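These numbers come from the heavy atoms of this one structure, side chains and all, not from hydrogens, waters or symmetry mates. Everything numeric here is computed off the predicted structure, so don't read it as measured data. Within every chain, numbering begins at 1; the chains are lettered A, B, ... in the order of the sequence lines, protein sequences first and strands thereafter.
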Amino acid sequence: MSNEIEAIKDPGLPAHVHRKADTDPVAEKRAERQVAILFLISALGTLLFIFAYYFIPEDVFVFFPVLGNTNAHQLVLGLGLAIALFFIGAAAIHWAKTLMPDEEVIAMRHTMRSDDEDRDALVATVKERAGAAGLGRRSLIKRSMGLSLGLIGLSPLVLLRDLGPLPGDDLTKTSWNAGTRLVTDPGDRPIRPEDLEVGAVAQVLPEHVGEERRHLSDIAKDAVLLIRIRPEEFQLSPERLSWTYDGIIAFSKICSHMGCAVALYEQTTKHLLCPCHQSTFDVPRAAKVIFGPAARPLPQLAITVDSEGYLIAQKPFSEPVGPSFWERSS
Amino acid sequence: MKKISKLRRSAFASPLLLVLALFAIGTTFSVASATTKSELSVEQRSAQIAEGKNIFLKGCSSCHGLNLEGSAIAPSLIGVGAASVDFQVGTGRMPVADLSQQIARKEPVYNEEQTAALAAYVASTSIGPEIPNESMLNYERDGNTAEGGTLFRTNCAMCHNFAGQGGALTQGKYAPTLMGVEPKYIYEAMITGPQAMPVFADKTITPAEKLSIIKWIKAAENEPQLGGAALGRVGPVTEGLLVWTLGLGLLIGVAVWLATKAR
Amino acid sequence: MTARERVTGTVANYVDERTGAAKWMKKNLTKVFPDHWSFLLGEIVLYSFIILLLSGTFLTFWFDPSQREVLYDGSYEPLQGLHMSAAYASTLHISFEIRGGLLMRQIHHWAALIFMAGMVVHLMRVYFTGAFRKPREFNWIIGVGLLTLGIVEGFLGYSLPDDLLSGTGIRIAEAIIQALPVVGSYLAFFAFDGAFPGEAFIPRIFTVHVLLLPGIFLALITVHLMLVWYQKHTQWPGPGRTEKNVVGYPLMPAYMAKAGGFFFIVFGVTAFLGAVASINPVWLYGPYNPGQISAGSQPDWYMGWLDGLVRMAPPLESYIFGYTIPWNILIPGLIVPGILFTGMALYPFIESWITGDKREHHLLDRPRNVPNRTALGVMSLTFMLVALINGGNDIIATTFSLGINQVMWFSRIGIIVLPPIAFVITKRICLSLQRADRELVLHGRETGRLLMLPHGEFVEVHEPISPELAWKLTAHEQAPALELQDVDARGVRRAGGLKNKLRKRISQANAESIAKPTANDLKEIEHH
């Protein structure tokens with residue numbers, strides 16, 4: 001700052017330059033007309049809007065370049081509204097720019113800080129009033145007040161307790177049990193191993209009994225993907241191999257990362273990809289994570305066939321399905 | 001152009017268009033089915049297979065092997081069936097032009113007759129999925145759009161996107177768009193599982209359900225723009241792009257106009 | 001007195017006798033507002049908020065915020081006969097049976113995207129010009145709060161229709177809640193009244209979306225604007241403009257007409273987008289089902305960077321004493337955004353700590369004159385942009401024939417490498433621009449005209465710049481670095497030496513600049 005010898009001075013606010021409309025009555029009239037025309041365009045826009053609302057049937061489609069074959073009712077209604085609004089704005093701005101006073105004026109600022117007198121007066125007032133109330137002295141009242149205020153803060157927490165049940169074992173349990181049949185989603189048809197050829201997939205759910213439709217909360221845990229590959233391509237531990245049936249392997253479709261449905265199966269690479277965050281799982285290696293943010297393989301469902309030859313679950317999932325949570329042990 | 005486009009929405013599903021569509025499909029398949037084996041005599045059929053073998057030996061065997069056994073760069077064709085050949089050759093994917101991550105659809109190299117011959121030859125060597133005939137593909141009659149939508153979202157949307165626009169797979173592969181794909185090829189793709197696509201067997205998705213899927217895809221394809229430009233029907237990415245370009249562009253443009261001094 | 005004047009006078013008298021408004025209005029109708037396009041960015045946000053209130057109210061007349069299952073029998077054929085939530089069915093009803101319903105839905109959604117985009121550009125303007133400096137730190141913090149709440153509010157709105165895309169978004173939000181250590185699964189069960197998705201979440205977020213958050217917005221925006229009003233707007237440096245004054249147009253009539261007109265412009269542009277471009281076509285997504293998914297499931301753009309961070313996160317999870325800590329969710333979903341937004345909120349205080357500047361500032365900085373701040377801003381934007389790109393990596397991959405793995409690796413590396421590079425480059429550019437300013441002041445403008453000197457040499461004729469421009473280019477201060485002593489007057493090492501050293505280093509880097517022309521410089525030139 002020290003080297004700032006006032007080399008270049010503030011020349012001050014430049015002189016006001018008059019607009020054409022300020023000096024030339026013709027230009028003024030022209031500007032006036034322009035503003036009026038803009039307002040009139042807006043009025044026409046509203047008429048168009050009303051016309052579209054009442055008189056353009058909702059099932060008429062008109063071809064426009066870029067837009068394609070577009071619903072005329074929606075398009076004209078919207079354009080009418082857009083024109084009505086936009087041109088009010090354009091008219092007002094044009095009016096302000098061309099005809100309203102445009103001389104720049106200077107106003108002074110005040111510092112935000114209050115005067116020292118005011119501050120001192122405030123401090124004095126606060127001290128006096130607080131003293132009169134005995135805030136400094138009555139520590140019994142202060143402490144009990146602190147306690148009561150602190151405690152009352154808990155009441156919303158108490159009240160919000162009934163927002164929902166405790167998780168219990170809900171996150172670890174699914175509808176899959178020993179002997180549950182695998183049925184197609186949608187369609188609810190049981191599946192035989194021979195229904196799936198090598199390279200085939202099927203989206204399945206546990207067989208559902210009862211009148212009620214499936215709850216989405218159940219689907220959110222139960223959805224399973226069946227994949228059939230050549231048995232010799234598996235690279236599984238003997239235990240996991242025993243969970244497959246004749247080259248058919250079943251995985252939870254609920255991503256172990258954030259719970260999206262992982263059903264994007266590539267027959268050639270035998271990779272499963274989650275479209276949400278691109279976690280990639282290698283099917284022959286028990287859905288080992290080979291790319292992306294997921295940290296755990298997809299849980300594998302042990303399957304076999306029942307006496308009628310339909311695919312069933314050997315047992316429930318051996319680990320919780322879906323995204324991680326604190327109480328999960330691995 | 002304008003007259004056609006002025007068709008009412010009701011007209012979309014209306015009998016007129018339906019008849020037109022059926023007519024178009026019908027003529028396509030009447031040409032195609034003229035050469036299907038069901039209508040061919042035994043001699044014609046063996047001649048067709050011989051022709052197919054001839055084409056195969058010239059155009060395909062260098063990769064797929066003289067006996068369809070496949071090689072390091074090409075899969076075996078034993079058991080792939082006529083449907084697979086019809087799909088791959090009919091959509092121009094085979095013979096392949098360049099061995100990239102993904103083989104894309106292009107102008108077919110072989111004409112319909114040659115394709116049929118190739119299919120007949122491959123089918124004659126082993127059993128595999130057959131080309132669906134015209135009566136099996138009457139999706140307008142046998143399909144249900146809403147059910148097809150549910151099936152589509154469960155089985156297809158994860159790769160082909162919610163509106164059948166296609167999407168990304170791993171390592172540069174992609175699921176192609178389904179817009180404009182002929183029903184026959186959609187059907188064949190489901191039963192044969194071309195390239196990365198898995199097979200959707202007839203027991204897990206029944207032929208009727210497959211037609212429902214096709215009907216839904218066609219409904220999506222023919223759906224006019226109900227709310228203006230579709231922006232590619234790929235979700236919020238293009239919407240965000242439009243807001244930052246056109247939306248803010250217009251607003252800042254007006255702001256600049258507003259703040260410049262009039263002369 | 002005309003009749004009109006008489007009526008106006010009577011009304012005004014009636015109001016003033018009951019409110020005393022005349023005094024306040026007399027003063028404030030002539031309040032001065034500086035005029036610059038970049039000062040209208042905040043107005044875009046304000047007006048989009050009003051549009052959101054209007055269009056949102058319209059939508060609530062028919063929207064049924066319920067996850068009760070219904071059978072769809074509306075006019076959209078491809079969904080007829082399907083089971084879906086009442087929320088989704090009523091969204092379809094608004095879109096297809098209510099005239100103008102789809103238009104209002106689209107206006108509402110476009111306005112939300114403009115609202116958020118406007119906030120970001122407004123924030124950029126305030127940041128890069130130093131408008132957050134004393135006395136405006138409170139308004140900066142309110143702004144950061146509004147941005148954060150805006151993201152939440154937008155996400156809730158995106159979630160309400162209960163279509164396949166929004167349901168997927170809620171699924172991911174649930175996973176983030178569930179990932180919290182110790183309390184995660186409890187909070188998730190409280191939020192959803194049991195297991196995901198349940199039937200309680202949409203009614204609950206509806207109340208938050210239409211009542212709680214808009215109320216908070218209204219309160220914060222009011223305070224934000226009152227502070228702007230009371231503190232008076234900042235202004236660009238220029239002839240006649242000082243720290244002590246404000247130069248511009250009085251509220252009545254020109255500024256009123258312009259600002260009021262701009263509201264209609266913003267509404268008009270939003271309505272135009274709502275008319276010509278489809279947004280969130282929920283009927284194509286289908287009703288939500290946790291067993292279904294679409295390729296390219298993305299959030300709206302203002303959450304895209306968050307999704308991009310989650311996508312690029314390394315697959316880390318800790319298992320300690322039988323408990324799970326999912327770092328792959330916590331780091332990108334909570335920790336990094338938390339650090340970014342906290343850092344942003346604290347930035348005015350950090351900068352004032354570095355510069356030691358505790359004075360009020362009403363003149364804006366030209367970004368080039370504060371290279372460090374500008375470079376830091378560009379660095380942060382680069383970070384966000386890489387994250388945002390990764391949030392759409394699948395769409396980018398298919399559009400540009402790349403692999404998603406390639407885009408992902410570009411982002412993973414780029415998010416670490418590119419921001420520092422952006423910092424360095426921006427700082428260099430700022431310093432070059434300062435140098436160019438200095439040249440311009442000292443040697444004038446290049447005219448492009450060549451002149452042959454008597455001895456045959458060609459020189460380009462330079463034209464001196466106007467005193468106004470010269471002032472504009474030199475009006476800024478160039479504060480030297482802080483002189484912090486490691487030892488105090490008595491030679492004792494001060495406490496917090498390391499902190500001091502850090503402050504000194506940053507302060508030095510911050511003060512790096514090209515000296516602006518001084519009187520001596522100009523005099524020397526004249527002598528030549």
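Neither the backbone nor the side chain of C:F263 comes within contact range of chain A; no heavy atoms are under 4.5 Å apart. If you measure heavy-atom distances from C:V441 to chain A, the contacts under 4.5 Å come from the side chain alone. Of the atoms belonging to C:D307, heavy atoms from both backbone and side chain fall under 4.5 Å from chain A. With a 4.5 angstrom heavy-atom cutoff, A:I254 touches chain C only via side-chain atoms. Using a 4.5 Å cut-off between heavy atoms, C:L473 does not touch chain A at all.
A:F39 CZ: more than 12 foreign heavy atoms inside a 6.0 Å radius. Crowding of A:W326 atom CH2: a count of heavy atoms from other residues, nucleotides or ligands under 6.0 Å exceeding 12.
Between the side chains of A:S324 and C:E317, at least one donor N or O sits under 3.5 Å from an acceptor N or O.
Looking only at distances, a side-chain donor or acceptor of C:R311 sits under 3.5 Å from a matching main-chain atom of A:C276. Judged by distance alone, with hydrogens and angles left aside, the side-chain atoms of C:Q106 form no donor-acceptor pair with the main-chain N or O of A:G78 at under 3.5 Å. With hydrogens and angles ignored, the 3.5 Å screen pairs a side-chain donor or acceptor of C:E360 with a backbone N or O of A:M112. Using a distance-only test at 3.5 Å, with no hydrogens or angles considered, a donor-acceptor pair links the side chain of C:R99 to the main chain of A:Y53. Between the side chain of A:R213 and the main chain of C:H83, no donor-acceptor pair closer than 3.5 Å is present. Judged purely by atom type and a 3.5 angstrom limit, A:R109 uses its side chain to pair as donor or acceptor with the backbone of C:N245. Looking at A:Q278, its side chain never comes within 3.5 Å of a backbone N or O of C:N405 through a donor-acceptor pair.
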ask   = Please walk me through it: do C:D193 and A:L163 pass side-chain contact (heavy atoms from CB on, under 4.5 Å)?
value = CA-CA 6 Å; C:D193 191 14; A:L163 273 176; over 6 Å; no

